[in-house]
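What you are looking at is a predicted structure, and each value in this text was computed from that prediction instead of being measured. Reminder, nothing fancy here: chain letters follow the sequence lines and each chain counts from 1.
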Protein chains: 2
Amino acid sequence: MSDDLATRLREQGLRLTPQRQLILRAVEELGHATPDEVLAQVRSQVSSVNPSTVYRTLEVLEELGLVRHTHLSDRAPTYHSTTEHEHVHVVCRRCHAVRSYDADAVAPLVAALGADGFTVDIGHLAVFGECADCSATAAATPPPT
Amino acid sequence: MSDDLATRLREQGLRLTPQRQLILRAVEELGHATPDEVLAQVRSQVSSVNPSTVYRTLEVLEELGLVRHTHLSDRAPTYHSTTEHEHVHVVCRRCHAVRSYDADAVAPLVAALGADGFTVDIGHLAVFGECADCSATAAATPPPT
DNA sequence: CTTGATGCAAAGGGTTTGCACCATC
DNA sequence: GATGGTGCAAACCCTTTGCATCAAG
C-alpha cells in the first residue's frame, strides 16, 4: 500500500513525503472521511499538518487513483481508499445512515448508459432517499435537506 | 402552476409573495439553475430581489414539493421544477455535458434498494462519468475533479 | 542544488443568520 | 394589526491561492 504510494508518486515525478503517507493512512483508517476529519486524524498522530496540505494531498492521491471522493451530504465531500471494493453509497436523508452496496447493484444502470458510450464512475455515486427504519418511524416528519 | 403555489402555501399557513412567484417561475424557465442563476433571472425581470430570499424561497419551494435540487458539479446545486418528468442526471466530468435519462433507467436499482425498504430519491440522483465523445477524443487527458 | 512540497495567511465562493422593517392575510 | 417575509450586512463553512521557506531526490 504505502509501497504503492511511493511507486505511483515516483512514476509522476512527485515526491514521497511524511504528510502524504500520513494522509493516505488516515483515509484508509477512517473509511469515509471529510478533509477536516482527515486533518484531525493526522493531527492526532503527528503535531503539525496544514489544512491546505490535506486538500492538496487528497487531490494528488485521487489523481494517482489511491483514493476517491463522493458526496454524502450537502456539505464537505468524503474520501475513501480505493483498496476497498468498488461500491455505491446509499444515504438516508433522515437519519444520515450510509450503507454501501456492491457495484453490481447498479450493473443494469451501468449497462444502459454504457450502451450510449457513457462510462459510469461507480465509486462517486451516492444514492439519496429514505431508509426502511425512517419510513416506518417518521411517518409525518418533514425531510431535512 | 402558480395556482399550485398559492394553494400549497396556504395549506402550510405560508404567504404568497411576488418574490416566491418570480423565483418559482424562474426555475421553471431555466430548467436547471443554481441559486445564483435564479437570482439573475429574477432580477432580469424585476429589480430588487435579495440572494437570501432566493435561498430561503428555494428551500420553501422544495419543502412544498414544487422544485427539487441535485448536484451536477462540486459547486452550487441546481434546482429544477417538479413539473418536469422525473429524471436522472448523467454528467460528463470532462465536458460537463448533462443528459437526462428517464427514471426507468434506474428502475432495477430502485427495485433492488426497495427490496431493503429503501426509497430512492430519483430526482436527486446524479451519475458522473465520461461520455462517449470524451472517451474517444481525450484519450490521455487527466480528468478534472 | 533543483524543483516540488509545505505552512501560513489572506482571499474566495457559496450559504446562513440576526435583526429591523415591510406586507400579506 | 399580527405574524410571516424580505433586505441588508455580517458571519460562516469549506476551499483555494500566493508566496516564502523547506526538504526530497
Side-chain angles (χ1 to χ4, degrees), chain A residues 2-3 5-24 26 32-40 42-43 45-64 66-67 69-79 142 144-145, chain B residues 2-3 5-24 26 32-43 45-64 66-67 69-79 144-145:
Chain A
S2 27
D3 203 33
L5 175 57
T7 309
R8 305 226 196 173
L9 284 169
R10 214 171 296 126
E11 286 171 359
Q12 309 295 316
L14 301 177
R15 292 174 186 171
L16 179 61
T17 67
Q19 288 89 334
R20 285 175 174 173
Q21 303 181 76
L22 288 164
I23 290 168
L24 177 54
H32 290 99
T34 62
D36 221 51
E37 291 165 342
V38 170
L39 178 62
V42 171
R43 279 188 170 160
Q45 305 179 355
V46 182
S47 34
S48 73
V49 177
N50 199 275
S52 355
T53 301
V54 172
Y55 285 109
R56 289 190 275 229
T57 299
L58 289 171
E59 196 179 331
V60 169
L61 294 177
E62 190 154 27
E63 276 162 15
L64 297 179
L66 298 172
V67 306
H69 84 275
T70 185
H71 301 269
L72 303 184
S73 77
D74 285 350
R75 303 219 158 240
T78 60
Y79 287 79
T145 293
Chain B
S2 28
D3 203 35
L5 175 57
T7 309
R8 305 225 196 174
L9 284 169
R10 213 171 296 125
E11 287 171 358
Q12 309 295 316
L14 301 177
R15 293 176 185 170
L16 180 61
T17 66
Q19 288 88 335
R20 285 175 175 173
Q21 302 181 77
L22 287 163
I23 290 167
L24 177 55
H32 289 99
T34 62
D36 222 51
E37 292 164 342
V38 170
L39 178 63
Q41 174 78 353
V42 171
R43 280 188 169 160
Q45 304 179 355
V46 181
S47 36
S48 74
V49 177
N50 199 273
S52 357
T53 300
V54 173
Y55 286 108
R56 289 190 275 228
T57 299
L58 289 172
E59 196 179 329
V60 169
L61 295 178
E62 189 154 28
E63 277 161 15
L64 296 179
L66 298 172
V67 306
H69 84 275
T70 185
H71 301 270
L72 303 183
S73 77
D74 285 350
R75 302 219 159 240
T78 61
Y79 288 78
T145 292

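Among residues at least two apart or in separate chains, there is no salt bridge (Lys or Arg N to Asp or Glu O under 4.0 Å) pair with a member in residues 10-20 of chain A.
The shortest non-hydrogen separation linking A:V38 to A:I23 is CG1-CG2, 3.9 Å. Here the closest non-hydrogen pair linking B:V54 and B:P35 is CG1-O, 3.7 Å. A:Q21 approaches A:L5 most closely through the heavy-atom pair CA-CD2, 3.8 Å.
A 4.0 Å heavy-atom criterion places the boundary nucleotides of DNA chain C facing chain B at C:dG13 to C:dC25, written 5' to 3'.
D:dG7 atom C1' lies 9 Å from atom CD of B:Q19, rounded to whole Å. Distance B:Q21 CD to D:dG5 P: 14 Å, rounded to the nearest Å. Following rounding to the nearest Å, B:Y55 (OH) and D:dG5 (C1') show an atom-to-atom distance of 18 Å. A:E37 places its CD atom 11 Å from the P atom of D:dT15, with the value rounded to the nearest Å. The CG-P distance, from A:L39 to D:dC13, rounds to 15 Å in whole Å. Between the NE2 atom of B:H71 and the C1' atom of D:dC14 there is a distance of 15 Å, rounded to whole Å.
Residue-level contact check: A:T34 touches neither bases nor backbone, having no heavy atom under 4.0 Å from any strand. Within the nucleic acid shown, A:P51 has no heavy atom closer than 4.0 Å to any nucleic acid atom.
Between B:T57 and B:R75, the one whose closest nucleotide on DNA chain D sits nearer the 5' end is B:T57. Mapping B:P35 and A:R20 onto DNA chain C by nearest heavy atom places A:R20 closer to the 5' end of the strand.
A 6.0 Å sphere centred on CD of B:Q45 holds more than 12 heavy atoms belonging to other residues, nucleotides or ligands.
Considering only residues two or more places apart in sequence or on other chains, B:D36 meets the side-chain contact (heavy atoms from CB on, under 4.5 Å) condition with B:T34. Scanning for side-chain contact (heavy atoms from CB on, under 4.5 Å) contacts around A:R75 gives A:S73, with sequence neighbours left out.
The distance from atom CG of A:L24 to atom CZ of A:R8, rounded to the nearest 0.5 Å, is 10.0 Å.
Side-chain N/O atoms of B:N50 include none lying less than 4.0 angstrom from OP1 or OP2 on D:dT6.
In this structure, B:T53 contributes its side chain and B:V49 its backbone to no donor-acceptor pair below 3.5 Å. A donor-acceptor distance shorter than 3.5 angstrom exists from the side chain of B:E62 to the backbone of B:H69, with no hydrogens or angles considered.
In DNA chain D, consecutive stretches of 3 or more Watson-Crick or G-U wobble pairs with both distances under 3.5 Å are given as paired ranges: C:1-25 with D:1-25.
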Exercise. Which letters describe nucleotides 19-25 of chain D, given B = protein heavy atom under 4.0 Å from base, S = only from sugar-phosphate, - = neither?
Worked result: ----BBS

Exercise. Stepwise, does the side chain to side chain contact (heavy atoms under 4.5 Å, CB included) test hold for B:Q41 with B:E37?
Worked result: CA-CA 6 Å; B:Q41 174 78 353; B:E37 292 164 342; over 6 Å; no

